[in-house]
Amino acid sequence: TGLLQLLANCSATLKDLNLDDTGISGEGLESLPLLKLEKLDLGYCQNLTITGLLQLLGKCSATLADLSLDHTGISGEGLESISLLKLEKLDLEFCRNLTNTGLLQLLAYCSATLKDLNLCGTEIYLESLPFLKQLEKVNLNCCGLTNEELLELLAKYSATLKDLNLNWTEISGEGLESLPVLKQLKKVNLWGCKHLTNTGLLQLLAKCSATLEDLYLNGTKISGEGLESLPVLKKLETLDLKYCQNLTNTGLLQLLAKCS
């Protein structure tokens with residue numbers, strides 16, 4: 001009742017609504033006028049239901065560009081009737097109940113507009129993703145990602161991807177020889193990738209050496225050695241090597257020589 005009254009009083013002007021970590025379910029909003037919301041944050045709303053989410057999204061589907069559902073219990077299923085035609089950013093971090101079917105329903109109407117997708121801590125099979133024409137940023141932190149899935153993902157988005165977060169995944173980076181050049185990739189985060197090898201790092205960097213600006217290798221086991229054949233990283237501005245306990249003087253010299 002309180003949320004309904006609040007939204008009813010500002011429905012004509014409200015663009016950004018933050019309900020993070022509140023007790024709302026979202027239900028009971030049928031009588032609410034249409035909203036002009038562009039950003040909606042429902043993170044940590046543990047009582048949020050699919051019915052409530054449907055009602056909320058139904059009131060702002062024509063304008064919403066940024067939706068955060070992180071750390072909620074939603075599965076995504078039951079949303080096939082919602083058309084989020086302007087959605088550019090979707091945060092599903094640690095949505096442990098998210099299913100492949102639910103994700104497909106969420107993405108069905110925004111595949112042409114979505115630029116930023118956060119799947120951190122989810123158990124989604126990446127092959128189930130539809131093609132997202134404008135995808136620039138993807139967060140797969142703590143996902144059960146394989147090298148084969150990484151290859152498929154990067155090949156699919158080689159022309160658009162700018163920011164790639166693979167923190168705490170089990171990828172080695174190897175097997176990327178056939179990958180097209182990643183034409184726009186500027187940021188790669190490999191923090192905590194314990195299985196990353198020098199060979200895998202070399203293969204990945206070779207595909208983005210002309211554009212890469214930020215590289216995070218903190219907490220990996222790479223030594224840095226064996227990178228002699230790597231092209232110069234002409235635009236590299238940030239290199240994070242903290243907690244790289246296997247890094248050698250020789251490896252560091254080779255890395256720095258590529259961004260001097």
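We number each residue from 1, following the sequence as shown.
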Heavy atoms, side chains only, cut-off 4.5 Å: are L126 and L119 in contact?
yes
Given side chain to side chain contact (heavy atoms under 4.5 Å, CB included), test L69 with L48 step by step and report yes or no.
CA-CA 9 Å; L69 296 170; L48 183 69; 4.0 Å; yes
Nearest 0.5 Å, what's the OG1-CD distance between T113 and E88?
6.5 Å
Neighbour count >12 (heavy atoms, 6.0 Å) for atom CD, E80:
yes
So which atom in H71 and which in Q46 form the shortest heavy-atom distance, rounded to 0.1 Å?
O-NE2, 2.8 Å
Nearest heavy-atom approach of C110 to L87 is CB-CB, 3.9 Å
Under 30°, 30 to 60°, or over 60°: which ring-plane class applies to Y157 and F131, parallel, tilted or perpendicular?
parallel
Between T211 and L182, is the side chain to side chain contact (heavy atoms under 4.5 Å, CB included) condition met? List the steps.
CA-CA 8 Å; T211 55; L182 303 171; 5.9 Å; no
Start with the C-alpha distance between L57 and L67, add both sets of side-chain angles, then the distance that settles side chain to side chain contact (heavy atoms under 4.5 Å, CB included), and finish with yes or no.
CA-CA 10 Å; L57 294 181; L67 175 61; 4.1 Å; yes
Between the side chain of T160 and the main-chain N/O of L135, is any donor-acceptor distance below 3.5 Å?
yes
Taking atom NZ of K207 as the centre, report whether more than 12 heavy atoms of other residues, nucleotides or ligands fall under 6.0 Å from it.
yes
In the hydrophobic clustering (ILVMFWY, side-chain contacts below 4.5 Å, transitive), which residues join Y109, or is it alone?
L85
For E93 against N118, the heavy-atom pair lying closest together:
OE1-ND2, 3.0 Å
Looking at K156, I'd like to know if its NZ atom is crowded, meaning that more than 12 non-hydrogen atoms belonging to other residues, nucleotides or ligands lie closer than 6.0 Å.
yes
For residues 215-227, please give each side-chain donor-acceptor pair under 3.5 Å, one per line with the distance, not counting sequence neighbours.
residue : atom : partner : partner atom : Å
T220    : OG1  : L217    : O            : 2.7
S223    : OG   : N198    : ND2          : 2.8
S223    : OG   : E225    : N            : 3.2
E225    : OE2  : T248    : OG1          : 2.6

Sidechain-backbone polar pair: E213 side chain, T238 backbone, donor-acceptor under 3.5 Å:
no
Given L42 and L56, is the side chain to side chain contact (heavy atoms under 4.5 Å, CB included) satisfied, shown in steps?
CA-CA 10 Å; L42 297 167; L56 263 171; 4.0 Å; yes
Can you measure from NZ (K137) to CG (L117) and round to the nearest 0.5 angstrom?
11.0 Å
Take a 6.0 Å sphere around CD of Q245 and say whether it holds more than 12 heavy atoms from other residues, nucleotides or ligands.
no
In Å, rounded to the nearest 0.5 Å, how long is the span from CG of L204 to CG of L202?
9.5 Å
Point-to-point distance, once rounded to the nearest 0.5 Å, from CD of Q254 to OG of S229:
9.5 Å
L150 and L140, any side-chain heavy atoms less than 4.5 Å apart
no
So among D70, L17, D66, which one has a side-chain contact (heavy atoms from CB on, under 4.5 Å) with D41?
D70
What are the two closest heavy atoms between D240 and K242, and how far apart are they?
OD2-NZ, 2.8 Å
Do other residues, nucleotides or ligands put more than 12 heavy atoms under 6.0 Å from N249 CG?
no
Is K133 atom NZ crowded by more than 12 heavy atoms from other residues, nucleotides or ligands, each under 6.0 Å away?
no
Rounding to 0.5 Å, atoms CG (L205) and CG (L190) come to a distance of 8.0 Å
I'd like to know if the side chain of S172 and the backbone of H195 have a donor-acceptor N/O pair within less than 3.5 Å.
no
Taking all atoms of both residues into account, what is the closest heavy-atom pair of T122 and C143, and its distance?
O-SG, 3.8 Å
So which atom in L92 and which in L98 form the shortest heavy-atom distance, rounded to 0.1 Å?
CD1-CD2, 3.8 Å
R96 side chain to G121 main-chain N or O, any donor-acceptor pair under 3.5 Å?
yes
Would a distance-only check, ignoring hydrogens and angles, find a side-chain to backbone donor-acceptor pair under 3.5 Å from K59 to S31?
no
Taking K36 for its side chain and A62 for its backbone only, find out whether a donor-acceptor pair lies under 3.5 Å.
no
Can you tell me if K258 has over 12 outside heavy atoms packed within less than 6.0 Å of its NZ?
yes
Heavy-atom neighbours of F94 CZ exceed 12 at 6.0 Å
yes
Within the side chain of N189, is there an N or O that forms a donor-acceptor pair under 3.5 Å with the backbone of L166?
no
Rounded to the nearest 0.5 angstrom, the NZ-OG distance for K235 and S209 is 11.0 Å
